[in-house]
**Student:** 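Let me begin by handing over the structure; questions about it come next.
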There are 2 protein chains.
Amino acid sequence: MAETADESFGGVTPDAARRLLLGAVDAFAERGFHATTTRDIAGRAGMSPAALYIHYRTKEELLYQISRVGHERSVVILQEAAAVEGGVADRLDFAVRTFVRWHAEHHTTARVVQYELSALEDGHYAEIVSMRRRTEEVLRGLLEDGVAAGEFTVSDVRGTAVAVLSLCIDVARWYRPGGPRTPEEIGALYAGLVLRMVGAPVPVAD
Amino acid sequence: MAETADESFGGVTPDAARRLLLGAVDAFAERGFHATTTRDIAGRAGMSPAALYIHYRTKEELLYQISRVGHERSVVILQEAAAVEGGVADRLDFAVRTFVRWHAEHHTTARVVQYELSALEDGHYAEIVSMRRRTEEVLRGLLEDGVAAGEFTVSDVRGTAVAVLSLCIDVARWYRPGGPRTPEEIGALYAGLVLRMVGAPVPVAD
DNA sequence: GTCTATAAGCCGATAGAC
DNA sequence: GTCTATCGGCTTATAGAC
């Protein structure tokens, strides 16, 4: 069903390693890590099962690479969007818009990144969790800035940041490419909802 | 880690079948369906692996029963809460508050119910999906009522209903019992956030 | 209804030829 | 670096005693 070539992994070399990684992304997103076989992954890359072990030590290492690169990408996307010029409401608007659009456009990668974490080895899991904390901190920082500037009214900054994050990442779970809304439209809708959640003054129309 | 005896399955008989079901809920919530072995489930119920097959034909049937009963319970919870006496803002407030609290209090069951669907057989999957539609319809109905009453301002009712649902069910993913907020507190916070999302007039304080 | 024992098959990973 | 062939182990599910 899904075979989104994902530019997040464009830099992976050699070619065979990248094809295996992309095959793993699609397979993990469709069936989940544990239901995916190494035969399936290798088959999607047009290779034999044994070839996988030339490029990756274990199946889990594939998931780890996907999680690591995917999280790096998503946190950079969010950080850069949150750092645009402008008032804090505009920055939150753009951050949510961009982050949501990424989760829709890269829903295959995002689904693995967000929902297959528990299959990681302990050490890898800990590393990824610390990357996720950075994502939450960016969002929390925006809310704190808005409250400090008197533009947002938020009683529980930490809890609200969690809620905003839920909204954004859950897009990866339900989004389907043929749906009635484009990633851009979902991003715009969600940015508006989040501005309301933080009590930002309403722009103009609705 | 989790061994929440869940009253959702209190009516399951005989006793051994219920113990197996509760063991499966905990195991599926911890590791996921595919990573859980029948030995693990049977062990949690204090039985041998073979005993499982006296009460359930397959491992998938356990997941199906959990999904079916869990969805029935959660949709009833939401429907009843959405039907309380009062204005539409109060009904939405109470519905979100109750639905969120259920997802926190029954996070083990809810995690399986919300995030292990893809492991169901095609026929079972279709049945569960149709139950999920009812949940979405209740929420959408509330938003439509609020717009019709002039109490809510929502540009995209369907999209906003999806967003509200995301917020609620994602609680089951991140909630941990020892956290800083009680289920009741999370429900109250989220109900407030949702009222803002739909443009309901602010009650009083914040 | 529950047990012990085991069948039948699939899985992750490796060996060794090319 | 990729293949074919295969190992050892674990899985779901069943057989048959009690």
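These numbers were taken from a predicted model, which means no experiment stands behind them. Chain identifiers are assigned alphabetically (A, B, ...) following the order of the sequence lines, protein sequences preceding nucleic acid strands; residue numbering begins at 1 within each chain.
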**Student:** Starting at atom CZ of Arg19(A), determine the distance to atom C1' of dG1(D), rounded to an integer number of angstrom.
**Tutor:**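 Distance, rounded to whole Å: 11 Å.
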**Student:** To the nearest angstrom, how far is His34(B) atom NE2 from dG12(C) atom P?
**Tutor:**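 Spelled out: NE2 on His34(B) to P on dG12(C) is 12 Å.
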**Student:** Tell me whether the side-chain N/O atoms of Thr38(A) come closer than 4.0 Å to OP1 or OP2 in dG12(C).
**Tutor:**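 Yes, within the criterion.
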**Student:** Please walk me through it: do Gln114(B) and His103(B) pass side-chain hydrogen bond (donor to acceptor under 3.5 Å, both in side chains)?
**Tutor:** CA-CA 10 Å; Gln114(B) 300 294 355; His103(B) 275 80; 3.1 Å; yes
**Student:** Thinking salt bridges, do Arg44(B) and Glu30(B) make one under a 4.0 Å N-O criterion?
**Tutor:**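 Yes, this pair counts.
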**Student:** Would you check if Leu165(B) and Phe99(B) make a side-chain contact, meaning some heavy-atom pair closer than 4.5 Å?
**Tutor:**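 Side-chain contact under 4.5 Å: yes.
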**Student:** More 5' along DNA chain C: Ala35(A) or Gly46(B), using each one's nearest nucleotide?
**Tutor:**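 Counting from the 5' end, the first nearest nucleotide belongs to Gly46(B).
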**Student:** Please report, rounded to the nearest Å, how far the C1' atom of dG12(C) is from the CD1 atom of Ile41(A).
**Tutor:**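 Atom CD1 in Ile41(A) sits about 11 Å away from atom C1' in dG12(C).
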**Student:** For DNA chain D, what residues of residues 117-125 of chain B have any heavy atom nearer than 4.0 Å?
**Tutor:**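 Close to the strand, none.
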**Student:** Just how far, in rounded Å, is P of dT2(C) from OH of Tyr56(B)?
**Tutor:**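 Those two atoms, OH and P, are 12 Å apart.
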**Student:** Compare the minimum distances between each of dC3(D), dA13(C), dA13(D) and the side chain of Thr58(B), then state the nucleotide with the smallest one.
**Tutor:**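 Taking heavy atoms from C-beta onward, the closest nucleotide is dA13(D).
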**Student:** Among residues two or more places apart or on two chains, list those pairs meeting salt bridge (Lys or Arg N to Asp or Glu O under 4.0 Å) that have a residue in residues 157-172 of chain B.
**Tutor:**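 For residues 157-172 of chain B, and leaving out neighbouring residues, the salt bridge (Lys or Arg N to Asp or Glu O under 4.0 Å) pairs sorted by first residue read Asp170(B)-Arg173(B).
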**Student:** Side chain of Arg39(B): nearest nucleotide among dT6(C), dT2(C), dC3(D)?
**Tutor:**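 The closest nucleotide is dT6(C).
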**Student:** Can you tell me how far P of dG1(C) sits from CE of Met47(B), to the nearest Å?
**Tutor:**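 To the nearest whole Å, that distance equals 10 Å.
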**Student:** For the pair made of CG in Asp40(B) and C1' in dT12(D), what is the distance, rounded to whole Å?
**Tutor:**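 Whole-Å distance recorded here is 14 Å.
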**Student:** Measure the distance from CD1 on Ile54(B) to C1' on dA17(D) and round it to the nearest whole Å.
**Tutor:**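 For the pair Ile54(B) CD1 and dA17(D) C1', the rounded distance is 13 Å.
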**Student:** Using the side-chain heavy atoms of Ala51(A), tell me which of these nucleotides is nearest: dT12(D), dC3(D), dA13(D).
**Tutor:**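 For the Ala51(A) side chain, the nearest candidate turns out to be dC3(D).
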**Student:** Just jot down the side chain to side chain contact (heavy atoms under 4.5 Å, CB included) partners of Pro177(B), sequence neighbours excluded, or say none.
**Tutor:**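 Partners of Pro177(B) under the side chain to side chain contact (heavy atoms under 4.5 Å, CB included) test: His107(B), Tyr175(B).
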**Student:** For residues 69-78 of chain B, please give each side-chain donor-acceptor pair under 3.5 Å, one per line with the distance, not counting sequence neighbours.
**Tutor:**
residue	atom	partner	partner atom	Å
His71(B)	ND1	Ser67(B)	O	2.8
His71(B)	NE2	Arg132(B)	NH1	2.9

**Student:** Quick one: does any side-chain atom of Lys59(A) pair with a main-chain N or O of Ile41(A) as donor and acceptor, under 3.5 Å?
**Tutor:**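 No; judged by distance alone, with no hydrogens or angles, the pair does not exist.
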**Student:** Verify the contact: side-chain N or O of His55(B) to OP1 or OP2 of dT2(C), cut-off strictly under 4.0 Å; return yes or no.
**Tutor:**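 So the side chain of His55(B) is within the cut-off, an N or O lying under 4.0 Å from OP1 or OP2 of dT2(C).
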**Student:** Quick one: side chain to side chain contact (heavy atoms under 4.5 Å, CB included) partners of Arg91(A), sequence neighbours excluded?
**Tutor:**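 Side chain to side chain contact (heavy atoms under 4.5 Å, CB included) check on Arg91(A) returns Val84(A), Val88(A), Leu142(A), Asp145(A).
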**Student:** For Thr37(B), report the nucleic acid contact type (base, sugar-phosphate, nothing); a contact means any heavy atom under 4.0 Å.
**Tutor:**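 Sugar-phosphate, no base atom in range.
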**Student:** Looking at Glu137(A) and Arg133(A), is any side-chain nitrogen of the basic one under 4.0 Å from a carboxylate oxygen of the acidic one?
**Tutor:**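 Salt bridge absent between Arg133(A) and Glu137(A).
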**Student:** What protein N or O atoms touch nucleotides 14-16 of chain C N or O atoms at under 3.5 angstrom, if any, and at what distances?
**Tutor:**
none

**Student:** Return the orientation label for the His124(B) and Tyr64(B) ring planes: parallel under 30°, perpendicular over 60°, tilted otherwise.
**Tutor:**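 Because their plane-to-plane angle is under 30°, the rings of His124(B) and Tyr64(B) count as parallel.
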**Student:** Find the distance Glu60(B):CD to dT12(D):P and express it as a whole number of Å.
**Tutor:**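 In whole Å, dT12(D) P and Glu60(B) CD are 13 Å from each other.
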